[in-house]
Structures are given as C-alpha cells and as structure tokens.
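Everything on this sheet refers to the single structure shown next.
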Amino acid sequence: MADTKNVLRPPTEVLTRGFDPSLSVGSARPAVFRSSTYVFSSPEAAERAFDLMAGRAQLDADEQVDLVYSRFNHPNSQILEEQIVPLETGATSALVFNTGMSAIMAALMAYLKPGQSVVFTVPIYGGTQKLIQTFLEPWGVKGIPVMAGQTEAIAETIRNAPDLGVVLIETPANPTVIMTDIRKAVDAVAERSGPRPLVMVDNTMMGPAFQHPLMLGADIVLYSATKYLSGFSDLLGGVALAADAELMKKMRSLRSLFGTILQPDECWMLDQRLPTVHLRMNKQSKNAQRIAERLVRHPKVKRILYPTLFEDAEQIRIRLAQCDYPGAMFTLELKGGKPAAFDFLRNIRIARNAVSLGGVETLICHPKTTTHSGFTEAEFAAAGINESQVRVSVGIEDWRDLLSDFEQALEAV
Ligand SMILES: Cc1ncc(COP(=O)(O)O)c(C=O)c1O
C-alpha cells in the first residue's frame, strides 16, 4: 500500500515543492532573478551543462546542473515549472511560455511535420485556427476541422484522417460552451493502426480546477495562463504539461530556439497566483452559476449557453463525465439581435466591455464583432455564433451586485 502519510495534496505541494529558500538568501518566497546569463562553477560544469542541453548526455539522478542562459531556462521558470505540476492532475512535467499562443505553436511544431494532418475542434480560439490555416497549412500540414461536441463524427474523423499527427481539442468551446468528449477522442486515436497521434487539449476554460484531460488519456495539456491561471488580467503567459516528461523535451528545445520562454518577472508573478487558482475559480464558478440560472428567466433573454443549462442529452453526459463544476463563462443570447446586445454592453456598469477572460473582474464582449469577427458567415452558422450573443467571464465580485447590474442593463435594452 502507498505511504499516504508522505503524499502531499496539491494545495500543499504548490506552496512547498520546487523552491529552496537557501537559494534566495533565505527569502520565504521566491526572489526574482533577472540575469540573462549565469556564471559557471567550473569549465567542466559548463561543458556538462552544454552536453546535457544538446542531448549528448543524460542527466544523472539528483544531479544539479549549472544554469547557462535565460532563453533556455532560469531560476524563476524552474520554480514555476515545479510548482505548477501538482495543480494539473496526472502531470509530471511542465514548460512555461511567454503567451498561450507560443505554447500552442511549440506543441504543434514539435509534433507535426509537413505531409501530416491535424484534427481540431471548432469553434476553437481564433488565434489557434489562424495558426493552423495561415501558417501550418502553407507549410504542408493538413488542418481538418470537426464540430465540437459531435462525439461520433469526431471519432470517425480521427479514425480516417490521413497520416494524423495531432488531435487538438478545445473544450468547452468559446463562446458557445459546447463540450467535446476527451476520452472518446482518445479511444478513437487508439483504434488507429500505425504511429499513435498525440491528443492535445487546450484546457484554458475549465482547468486546472474543474477538468483533468491527462486523467482522461490526453497526452499534452495547454493553457493560456493569461486567463484563470494568472487571474488578474495583468500578464501574458502560456503553459504546457504532460504525464510523460519525455513529451516536453522536444518542446523545450523548440522553445529555446524560438525564444519563447516566460520572462523572470512574469514567472514570479504567475507563481504567486498559483496557490489561489482553485479559490478564485471556485468562487467565479459559483457566481456564474447563480447569475446564469437567474438571468435565464429574464423576459429579454432568449437563452443562456451555460453547462448547468444544457438541454442536449449528449452535452449533459459529457459535462457530468468530464467537469467537476460548470465554470465561470456563459453566453447570453438576447432578444432583439445586435442592437439589443450593443445596448446591453453600453449600459453595463460593473462588468467591463473587454475581450479576454478568467480575471477576478467580470468582463463581457460581443464575440461576433470582436473575438470571432474573422469567421465567414458559413463558419458563424456552423459554430452557432450569432449577433445577439454577449459572452460573460464572471469574476469574484459579489454575485448579487453583478446580477443587479445585468438586470438594470437588460431593462435599458
Ligand atoms: C482558449 C484559448 N487558448 C489560447 C489563447 C491564446 O492565449 P494568449 O492570448 O495568452 O496567447 C486564448 C486567448 O484568448 C484562449 O482563449
């Protein structure tokens, strides 16, 4: 039987592992190390560090390696990468990037080569879709979009895609909140013969608190840390995590080449936010659920897209199988089209009309004319995005104040 006495739980581990105060002159919390380069303890240590970095040698157990240069790694990225691991259930290794997009780019570039295909769910974050369609496709990778939530169609596409390298799932989808079954996609990958494609999940919307893709068989979890992980709308960052630490090696060497590591100050800031991710997300989810379940009865609201308000049996099944809580994002569909949506945005007082999500402050935006404005009419129709929708990312304010604010803005519509 495992010795449970020595197994720390994530809220404890995130505050205790990966940081040695003696390396920060006794400071109880990590210091910031802004140096771009590091002094070697000996020429032999420098030679060893370069051999390890280039893959010419393997790290011995408990070996301490000299730091080299901050584009490769630095103390603050090392501390952050150690401390973030316990937050992602099933992870053993992490890498931090200067944006969510650079984490996604490194993952796709590491595991796709020209001639291969990538199956991805739509709607997906606009930047990700553009990366696939305007960069990877001309580079020789075939992008195959599949509708989020269509469990059977997704499995069929995965089984039949030619030379499939990667399956990229974003769930729930933004702004429609449609959920895709991660385990079913993993099962479909297992049914293929030949080299096994990797399943990657953009877990920005629900993770790390409410959805655990590695436990469902996914290979790599990706984040825009700009959102819930950092939580204050004041920094850009990205994270990749895996159960198999080997998967991070290729991405680490691409990150060194691309120069997309997260800078020391941002690492330090993000590290300070990790112990409160679950607290913030729990409060945000409770607020969102209370507000959405009340606003849905408002006469000026046509419907609300939110996990506890799902009516489709398959969507309800996926939510129950995959998510611990419903999360803090909902999309209001107003009666009265775009004028009603714009009136609502003009009249809101507490929430801010801004893109992005996951911060402690409530943000609202009109997806059709902002975050998703690059879609064609056919893509809008297929994704279920229309002009009467307003997307809400709920913060940690008192939910009763937010509800009154939404109600007064609806009255003004
Ligand atoms: C789901 C999702 N993935 C990735 C990104 C890209 O992250 P970043 O803006 O940090 O590059 C975003 C940004 O909005 C997002 O919402």
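What you see below is based on every heavy atom in this structure, not just the backbone, and it leaves out hydrogens, waters and symmetry mates. Counting starts at 1 for both ligands and their atoms, in listed order.
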Considering both backbone and side-chain atoms of [X], is one of its nitrogen or oxygen atoms within less than 3.5 Å of a nitrogen or oxygen in ligand 1?
{"X": "Ser224", "value": "yes"}
{"X": "Met205", "value": "no"}
{"X": "Asp202", "value": "yes"}
{"X": "Met101", "value": "yes"}

Under 3.5 Å side-chain donor-acceptor pair for Glu82 and Gln78: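 Looking only at side-chain atoms, Gln78 and Glu82 do not form any donor-acceptor pair under 3.5 Å.
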On a heavy-atom basis, which atom in Gln315 and which in Gly149 lie closest, and how many Å separate them?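 The pair with the smallest heavy-atom distance is NE2-CA, 3.8 Å.
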I need the nearest protein heavy-atom contact for atom 6 (C) of ligand 1: residue, atom name and distance, please.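 The closest heavy atom on the protein side is Tyr125 CE2, 3.4 Å.
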To the nearest 0.1 Å, how far is atom 10 (O) of ligand 1 from its closest protein heavy atom, and which atom is that?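 The closest heavy atom on the protein side is Thr226 OG1, 2.6 Å.
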Side chain proximity check, Gln322 to Gln211, heavy atoms < 4.5 angstrom: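 A side-chain contact exists here, since the closest heavy-atom pair is under 4.5 Å.
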Looking at ligand 1, does Ile104 have a heavy atom less than 4.0 Å from it?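 Yes, Ile104 has heavy atoms under 4.0 Å from ligand 1.
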Applying a strict 4.0 Å limit to heavy atoms, is Ser102 in contact with ligand 1?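 Contact check Ser102 vs ligand 1: negative.
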CZ/Arg352: more than 12 non-hydrogen atoms of other groups inside 6.0 Å: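 Atom CZ in Arg352 is not crowded, with 12 or fewer foreign heavy atoms closer than 6.0 Å.
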Considering Lys227, Met105, Met329 one by one, which has a heavy atom nearer to atom 13 (C) of ligand 1 than any of the others?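 Nearest heavy atom to atom 13 (C) of ligand 1 lies in Lys227.
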